[in-house]
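Take a look at the structure below.
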Amino acid sequence: MTLRWRAVASATGLTAPDGLVRPTIFAEMTALAARAGAANLGQGFPDEDGPAWIRELAREAISSGENQYPPGRGIAPLRAAIAAHQDRHYGLSYDPETDVLVTAGATEAIAATVLALAGPGDEVLTLEPFYDAHAATIAMSGATHVTVPLVPGERGFALDVAALEAAVTERTRLILVNTPHNPTGTVLSRAELGALAEAAARVDAIVVTDEVYEHLTFDGLEHTPIATLPGMRERTLTISSAGKTFSLTGWKIGWVTGPAELIEAVLAIKQFLTYSGGAPFQPAIARALVEGDGDIAALRDGLAARRDRLVAGLRAAGFPVSVAGGTYFVCADASPFLSPEVPDGAAFARALPERLGVACVPLSAFCREGSPTARALSSWVRFTFVKDDATIDLAIERLSALAR
Ligand code: GLN
């Protein structure tokens with residue numbers, strides 16, 4: 001029998017030589033960065049907290065006694081605000097009583113969804129590279145993880161549609177999409193979403209979509225939820241959270257929206273994972289979703305400028321860069337700086353904090369060990385720009401040594 005924790009370690013490439021589990025790539029790189037005093041462009045979390053007025057609402061909720069278990073589905077005003085948000089931004093209508101579930105961040109939503117809807121003998125399809133938690137929860141469920149490559153280009157990464165057609169079969173139970181996409185920053189186009197939707201309909205698979213970077217798109221690009229495509233609302237569970245939208249990643253307020261029967265299935269698992277949580281944060285996010293559009297716009301504009309600053313610096317240092325239209329991240333090819341001593345992106349990323357005082361994350365950490373995509377992206381690394389200007393400038397200054 002495979003113990004599930006070992007399966008999770010192996011699915012995320014974190015099995016240590018002694019058979020135990022290594023920390024995630026984010027924790028590892030953050031620790032290396034701290035030890036070397038490096039500018040940490042590895043782990044993607046904002047170094048500036050979200051709007052003071054939203055934080056004040058949580059403080060007031062604590063003082064006024066909102067400190068016990070909230071309802072398992074989430075407090076009514078937050079469910080209403082989530083439903084209103086989906087309607088206002090995307091024209092998707094959901095009943096807050098039955099079609100909305102509040103979770104402990106998007107991570108719990110993904111875990112509860114995959115555990116509810118897939119198991120041994122099922123295949124769950126994701127893009128590759130994929131966010132580590134997606135692979136981990138598929139391993140927890142006992143389902144088989146199948147991937148379809150994203151291929152790098154100048155303007156972001158593109159879905160390999162032919163590979164998608166081949167990978168989606170009668171065994172495909174879930175198609176787990178992530179757009180805007182971590183780690184590549186890619187915002188899937190309508191054509192790519194259409195191909196995914198068609199594939200799902202062909203084999204009657206359910207689509208689960210992780211859209212936590214939904215508001216963080218640049219260059220006038222707009223995020224399209226796959227649930228808005230014809231026929232897709234009924235087979236799609238849409239997951240998002242407040243963490244990225246309001247720079248409050250530690251509050252862990254996430255949600256799932258979708259048809260009532262599917263939400264019921266997710267709730268059946270979710271209520272025995274955390275049951276419920278984040279009592280004082282829920283009312284604060286309920287207000288933020290209704291009144292926070294100005295803050296979201298300011299965050300988006302600020303991030304776009306910082307992305308451009310980082311991309312210019314990476315290019316000046318000699319990296320080929322794939323500039324995608326969303327998220328906290330840009331990907332760069334470290335090929336020009338590899339050598340027999342530093343043979344790939346993972347070695348480059350591990351050496352960089354000590355060598356130059358900058359941290360990044362290798363894309364191989366988001367791939368299956370030894371997969372064709374892992375080989376194709378073995379020289380690539382991810383940098384985050386959700387850091388203050390001083391940190392980005394320091395990193396650029398330090399990386400410029402590579403060009404000399
Ligand atoms: N989402 C963050 C990233 O991609 C990290 C989250 C974590 O540390 N697990 O960098």
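Because the structure is predicted, anything quoted here is derived from the model rather than measured.
Salt-bridge formation is not detected for the pair Arg73/Asp99: no Lys NZ or Arg NE/NH1/NH2 atom is positioned less than 4.0 Å from an Asp or Glu carboxylate oxygen. Salt bridge Arg202/Glu170: absent, no basic N to carboxylate O contact under 4.0 Å. At a threshold of 4.0 Å, the pair Lys270-Glu108 counts as salt-bridged, since one of the basic side-chain nitrogens sits closer than that to a carboxylate oxygen. Salt-bridge check for Asp393 with Arg398: failed, with every basic side-chain N at 4.0 Å or more from each acidic carboxylate O. Salt-bridge check for Arg235 with Asp204: passed, with a basic side-chain N closer than 4.0 Å to an acidic carboxylate O.
Judged by distance alone, the side chains of Glu123 and Thr144 never bring a donor and an acceptor atom under 3.5 Å apart.
More than 12 heavy-atom neighbours from other residues, nucleotides or ligands sit within 6.0 angstrom of CD on Glu56. The environment of CD in Glu354 is sparse: at most 12 heavy-atom neighbours from other residues, nucleotides or ligands sit within 6.0 Å. Environment of CZ in Arg88: crowded, with over 12 heavy atoms of neighbouring residues, nucleotides or ligands closer than 6.0 Å. Residue Arg22 qualifies as enclosed at atom CZ: its count of foreign heavy atoms under 6.0 Å is above 12. Atom CD of Gln271 has more than 12 heavy atoms from other residues, nucleotides or ligands within 6.0 Å.
Among Tyr328, Phe218, Tyr131, the single residue meeting the ring pair (Phe, Tyr, Trp, His ring centres under 6.0 Å) criterion with Tyr213 is Tyr328. The only member of Leu188, Thr179, Thr209 that meets side-chain contact (heavy atoms from CB on, under 4.5 Å) when paired with Leu196 is Leu188.
Residues Tyr94 and Ala227 share a closest heavy-atom pair of OH-CB, 3.9 Å. Heavy-atom minimum distance, Ala374 versus Arg368: CB-O, 3.3 Å. The shortest non-hydrogen separation linking Lys244 to Leu216 is O-CD1, 3.9 Å. Counting all heavy atoms, side chain and backbone alike, Thr391 lies closest to Asn40 at CG2-N, 4.4 Å. Closest approach of Ala167 to Val146, counting heavy atoms only: CB-CG1, 4.0 Å. Contact record, Glu66 with Ala279: O-CB, 3.4 Å, taken as the closest heavy-atom pair.
The side-chain heavy atoms of Leu117 and Val124, taken from C-beta on, include no pair separated by under 4.5 Å. Taking the side chain as every heavy atom from C-beta outward, Leu229 and Thr224 approach each other to under 4.5 Å. The shortest distance between side-chain heavy atoms of Leu273 and Thr103 does not fall below 4.5 Å. When side chains are defined from C-beta on, Lys252 does not count as touching Thr274, because their heavy atoms never get closer than 4.5 Å. The shortest side-chain heavy-atom distance between Asn178 and Thr126 does not fall under the 4.5 Å cut-off. Taking 4.5 Å as the limit, every side-chain heavy atom of Ser93 sits out of range of all side-chain heavy atoms of Gln86. By the 4.5 Å heavy-atom criterion applied to side chains, His181 and Thr327 are not counted as neighbours. Looking at Asp132 and Thr24, their side chains come closer than 4.5 Å, going by heavy atoms from C-beta outward.
Figure legend: Arg306 and Phe385 shown without cation-pi pairing, the cationic atom not lying both under 6.0 angstrom from the six-membered ring centre and within 45 degrees of its axis. Figure legend: cation-pi geometry between Lys387 and Phe45, with NZ or CZ positioned under 6.0 Å from the six-membered ring centre and within 45° of its axis.
Judged purely by atom type and a 3.5 angstrom limit, Ser322 uses its side chain to pair as donor or acceptor with the backbone of Gly156. Side chain of Glu192 to main chain of Leu159: a donor-acceptor pair is present (N/O by atom type, distance under 3.5 Å, no hydrogens or angles). Counting only distance, with no hydrogens or angles, the side chain of Arg4 and the backbone of Met140 share a donor-acceptor pair below 3.5 Å.
Using cut-offs of 30° and 60° for the angle between ring planes, the Tyr90 and His215 rings count as parallel. A tilted orientation is assigned to the rings of His85 and His89, their planes being inclined by 30° to 60°. Between Phe157 and Trp380, the ring-plane angle classifies as perpendicular under the 30° and 60° cut-offs.
The distance from the OG1 atom of Thr12 to the CG atom of Leu14 is 3.5 Å, given to the nearest 0.5 Å.
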